[in-house]
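The basis for the numbers below is simple: all heavy atoms, side chains too, and nothing from hydrogens, waters or symmetry mates.
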Amino acid sequence: MKRLLPAPWLSLALCLLWLLLNLSLSPRNLLLGALLGFCAPLMMRKLRPLPIRVRRPGVILRLFLLVGRDVLVSNLAAAFGVLNARRRP
């Protein structure tokens, strides 16, 4: 089954996205969506990344918190600059 349909969730998502973009449930669109959902993952099978093993999850958490803090600080600085800007004539 894995060789025939390497990513079943991706196939389902592609089919549903096709139908949503076309706003139609006609037989032609159902067939094209199913064909797209079946063929696209088969053609892109070689592009899928290999599974990884996380060795040190603490480093990932620390990086996530550092990036989150930087985003928060920059957003606050931008909001402060916008709210305290003097009006120009």
Atom pairs and distances, side-chain donor-acceptor, residues 5-13, under 3.5 Å, sequence neighbours left out:
{"unit_1": "S11", "atom_1": "OG", "unit_2": "A7", "atom_2": "O", "d": "3.1"}
{"unit_1": "S11", "atom_1": "OG", "unit_2": "G37", "atom_2": "O", "d": "2.7"}

Sequence neighbours excluded and cut-off under 3.5 Å, please list the side-chain donor-acceptor pairs for residues 60-74, or say none.
{"unit_1": "S74", "atom_1": "OG", "unit_2": "D70", "atom_2": "O", "d": "3.2"}
{"unit_1": "S74", "atom_1": "OG", "unit_2": "V71", "atom_2": "O", "d": "3.0"}

With a 3.5 Å cut-off and sequence neighbours excluded, list the donor-acceptor pairs that the side chains of residues 48-55 form with protein atoms.
none

With a cut-off of 3.5 Å and sequence neighbours excluded, list every side-chain donor-acceptor pair involving residues 20-35.
{"unit_1": "N22", "atom_1": "ND2", "unit_2": "W18", "atom_2": "O", "d": "3.0"}
{"unit_1": "S24", "atom_1": "OG", "unit_2": "S26", "atom_2": "N", "d": "3.2"}
{"unit_1": "S24", "atom_1": "OG", "unit_2": "N29", "atom_2": "ND2", "d": "3.4"}
{"unit_1": "S26", "atom_1": "OG", "unit_2": "N29", "atom_2": "N", "d": "3.4"}

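Grouping Ile, Leu, Val, Met, Phe, Trp and Tyr by side-chain contacts under 4.5 Å, direct or through others, puts L47 with M44.
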